[in-house]
Every structure is written in structure tokens, then in C-alpha cells.
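Written out below as C-alpha cells is the structure these notes cover.
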Amino acid sequence: GGLLASASSAILTLPSLDNVHYAARGLFILSLMLSLLSVYFTILQQRVLNNQDAHALRLWLWDGTIYTVPSAPERVLRRSSLSSNILLQSPFELLSISIALFLGALGFYLGLAYASKVRLSKGSDSNIAVLIAFVAATFFALAVFGQSLGQKDREMAKCRQIERDGLQGAHDPSTDFEHAAAEFAYPGKDRERA
């Protein structure tokens, strides 16, 4: 959050920012404000939650509603507080929105600079080169993260299914090969020579 706030404030000092549409400056200011609020709310959370013992923390996370399980009436369940969940999640959400606004503002700024022929650096094609590099790097980073996140979701679904079915019925992939270590040590044709 602090890093994003300093980056946003540094970008606001660019002299060429005055030569593009005012919406770019507005997006950078929104990003700066949300990142600062994210840092502030994180510090407040740390201050409130840091000095509490486990019992006090459980009380803070509870909304005061108690449930009992019909099959086990001696077991008492406490419903978590929606307010606590929102308070815990809000710095992350503000930072996520701030990052999205910052990337959007930067892309908007670079696109407007190219369209308006505002000279950002030396060279006749420098604006389009910077814009293409920005779009390619941003797309690559989002694609890699999205792919990894999707793959992890599939792995977690598989792990939950195995846990639900019990580990006794789980398939052990190492039993597929006579020599499991050799299977992973040599790729393809090299394995046949080994």
C-alpha cells in the first residue's frame, strides 16, 4: 500500500500529465487515496487486534448468535460476525481496487499520450513502444497469476474430494510405475535407454 501510494504521488508530478485528459490525473489520485486508506486501516487493525488474547479475539470475531447441532446438542457453534469479516477484508479490497486503478490510469495515460502525440521521451516511436511494453507485461503477469490461481483451485477441489472420500480410497500415483523415481528422473526417450 505504501509503495503504491509513493508511486502514485510520484506520477502526479510528471509535467506531461497536464498535457493529457484530466481523467488520467483523477484515476491516479483515486489510486493514491485508496492505497493510503488501505495502509491506515491495516494499521488500525494491527492496533486493535495485536494486544488481544485468544478468548478476546474469538469474542471480537463473533456476532453474538449461538447455534446448536441437533445431533450433538452439547456442541455449541458461534456465528462469525459479518462486520468483523468486512473489517478484516477491507484493507485488501481497497488495495486491490487501488492497484487496478493505478494500472488503468497508467494505461490510460500512455494511451492518451500516444493518441495526442505528447512526447514522453526521445524517439519517434517511443510512446507506442512504451504502451506496447506496458500492455504486454501487464497481460503476461495477469495471465500467469490467473492460470496459477485456476490451477490451484482445481488442485484444492481434488484435495477436498480425496479428504471427503477418505484417504483409503485415494489413488497413489507412485504405484503406476515399477520404479517411480526413475520415471521422473528421465524424460521421454531417455527413460527407455536407462
Worksheet item: Are Glu163 and Arg160 ion-paired here, with the side-chain N under 4.0 Å from a carboxylate O?
Response: no

Discussion item. For residues Leu88 and Leu59: do they belong to one hydrophobic cluster (side chain heavy atoms under 4.5 Å, members Ile, Leu, Val, Met, Phe, Trp, Tyr)?
Written reply: no

Practice prompt. Using the ring-ring contact (aromatic ring centres under 6.0 Å, His included) rule, collect all pairs that involve residues 43-77, keeping only residues at least two apart or in two chains.
Written response: none

Worksheet item: What pairs of residues pass the salt bridge (charged side-chain N to carboxylate O under 4.0 Å, His left out) test when at least one of them lies in residues 26-38, not counting sequence neighbours?
Response: none

Discussion item. Ignoring hydrogens, what is the shortest heavy-atom contact between Ala105 and Ala24? Give both atom names and the distance.
Written reply: CB-O, 4.0 Å

Worksheet item: If you measure from CG on Leu94 to OG on Ser31, what distance do you get to the nearest 0.5 Å?
Response: 11.5 Å

Practice prompt. Determine, using the 4.5 Å side-chain heavy-atom cutoff (strictly less than), whether Ile132 and Tyr114 are members of one ILVMFWY cluster.
Written response: yes

Fill in: Residues clustering with Ile86 (ILVMFWY side chains joined when closer than 4.5 Å, directly or via others)
Leu82

Practice prompt. Could you work out the complete set of other residues in the hydrophobic cluster of Phe92, with links drawn between I, L, V, M, F, W and Y side chains under 4.5 Å apart?
Written response: none

Item to complete: Take atom CZ of Arg154 as the centre, draw a 6.0 Å sphere, and report whether it contains more than 12 heavy atoms from other residues, nucleotides or ligands.
Response: yes

Discussion item. If you define the side chain from C-beta out and look only at heavy atoms, does anything of Leu87 sit under 4.5 Å from Val48?
Written reply: no

Discussion item. Show the nearest heavy-atom pair for residues Pro91 and Ser38, with the distance to one decimal.
Written reply: O-OG, 2.9 Å

Worksheet, complete the sentence: Nearest heavy-atom contact between Leu131 and Gly111 is CD1-N, 3.9 Å

Discussion item. Do Leu142 and Ile97 sit in one hydrophobic cluster, given that two such residues count as connected whenever their side-chain heavy atoms are within less than 4.5 Å of each other, even indirectly?
Written reply: no

Item to complete: Give the minimum heavy-atom separation between Leu112 and His21, together with the two atoms involved.
Response: CD1-CB, 3.4 Å

Worksheet entry | Same apolar cluster (I L V M F W Y, side chains within < 4.5 Å links), Ile128/Val135 | yes

Fill in: Partners passing ring-ring contact (aromatic ring centres under 6.0 Å, His included) against Phe102 (at least two apart in sequence or in another chain)
Phe28

Practice prompt. Can you run down the salt bridge (charged side-chain N to carboxylate O under 4.0 Å, His left out) pairs that involve residues 38-63, sequence neighbours left out, and say none if there aren't any?
Written response: Asp63-Arg79

Worksheet item: Could you give the distance from CG (Leu32) to OG (Ser98), rounded to the nearest 0.5 Å?
Response: 8.0 Å

Worksheet item: What are the two closest heavy atoms between Phe134 and Leu103, and how far apart are they?
Response: CZ-O, 3.3 Å

Item to complete: Measure the shortest side-chain to side-chain distance between Leu61 and Ser84 over non-hydrogen atoms and say whether it is less than 4.5 angstrom.
Response: yes

Item to complete: Tell me whether Leu27 is reachable from Leu37 by hopping between hydrophobic residues (I, L, V, M, F, W, Y) whose side-chain heavy atoms are closer than 4.5 Å.
Response: yes

